[in-house]
Peer 1: 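Provided herewith is a single structure, encoded as structure tokens, for subsequent inquiry.
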Amino acid sequence: MLKYDGHVHSPFCPHGTKDTLNSYCEKALEIGLTGLTFTEHAPLPEGFVDPAPNQDSAMSKDQLYSYIEHVQSIQEKYKNELTIGLGLEVDYIEGFEEETTSLLNEVGPVLTDSILSVHFLKHNDIIYCMDHSPEMFLEIATSTGSVDAVHQLYYQTLLQSIEADLGAYKPNRMGHITLANKFQKKVPTTQSFEREIQKVLQAMKAHGYSLDYNVAGIRKPLCKESYPPILTARLAVSMGIPLVFGSDAHQAKELPLAWNEYTDLPLSNPFVK
Ligand SMILES: [Zn+2]
Ligand SMILES: [Zn+2]
């Protein structure tokens, strides 16, 4: 089994921990990973106001080059022991495609592999942070009319993100594609979204994108399953969509310990296109 973790945060994340890049790499060696990609939350697009109460969803723009330099120096330090990818977790935000493209055009050339994620949903001209808290999730449900409608909106936005033209450096890996389930034990849906998820997978397949098989949801007490769940991941595999494991660690101890617990799925290296 390929023990590569393609979704790791860093001390540059304002809602994460101060665990150093070094400590992630030491942990990775200790648990026998072949490598990992740092995918810090990319700076939010210019002109966008972070709706999270502490405005801490992403790294600020003035930290971006420091992040890049730090990852590059750690790549050098561990070059004989670990493969280290330099990436970003880029937000798709409806209406900010141009700003996002210009950021990607600016830094894309130095990145090895990145993730495109949807955390923000737009409804009635207001942008919400969907995964911040059950309270904010319910606020969106009040605005859209129901919890189911939030899920509809999420999958619709995800499809838009897959179809969006974000230029030559658009990430080719889709982040945690069932993130709408994050608070499912507290705010359940009344229906299945299997059909919507299948459409998402078909669109990913058509564009040649890979899937972030993200186990963060297993750690979340209100979710308790991977993004996407294992059956969906198997479906993706049967469609020929590469799966790249993602711990979504925001601290070194969240790097995956027991791989077998998660999956017997074929996992891919993010550098194989
Ligand atoms: Zn984060
Ligand atoms: Zn994310």
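Note that the structure is a prediction, hence the values are computed from the model and not measured. Both ligands and their constituent atoms are indexed starting at 1 by order of listing.
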Peer 1: Tell me which N, O or S atom from H119 is the closest to the Zn ion (ligand 2).
Peer 2: NE2

Peer 1: Sorted by chain and residue number, which protein N/O/S atoms are under 2.8 Å from the Zn ion (ligand 1)?
Peer 2: H15 NE2, H41 NE2, H250 NE2

Peer 1: Could you walk me through whether E196 and K199 pass the salt bridge (Lys or Arg N to Asp or Glu O under 4.0 Å) check?
Peer 2: CA-CA 5 Å; E196 286 73 7; K199 272 196 204 157; over 6 Å; no

Peer 1: Got a sec: is H7 within less than 2.8 Å of the Zn ion (ligand 2) via an N/O/S atom?
Peer 2: no

Peer 1: Please enumerate all residues that pass side chain to side chain donor-acceptor pair (under 3.5 Å) together with K61, with sequence neighbours excluded.
Peer 2: E106

Peer 1: Has Q198 got more than 12 heavy atoms of other residues, nucleotides or ligands less than 6.0 Å from its CD?
Peer 2: yes

Peer 1: Between L138 and K186, is a side chain to side chain contact (heavy atoms under 4.5 Å, CB included) present by the stated rule, with each step listed?
Peer 2: CA-CA 10 Å; L138 281 170; K186 191 160 180 182; 5.9 Å; no

Peer 1: Keeping N124 on the side-chain end and I126 on the backbone end, is there a donor-acceptor pair under 3.5 Å?
Peer 2: no

Peer 1: For E26, does the CD atom sit with more than 12 other heavy atoms under 6.0 Å from it, leaving out its own atoms?
Peer 2: yes

Peer 1: What do the steps show when you test D212 against R173 for salt bridge (Lys or Arg N to Asp or Glu O under 4.0 Å), and what is the final call?
Peer 2: CA-CA 6 Å; D212 170 40; R173 181 150 90 252; 5.2 Å; no

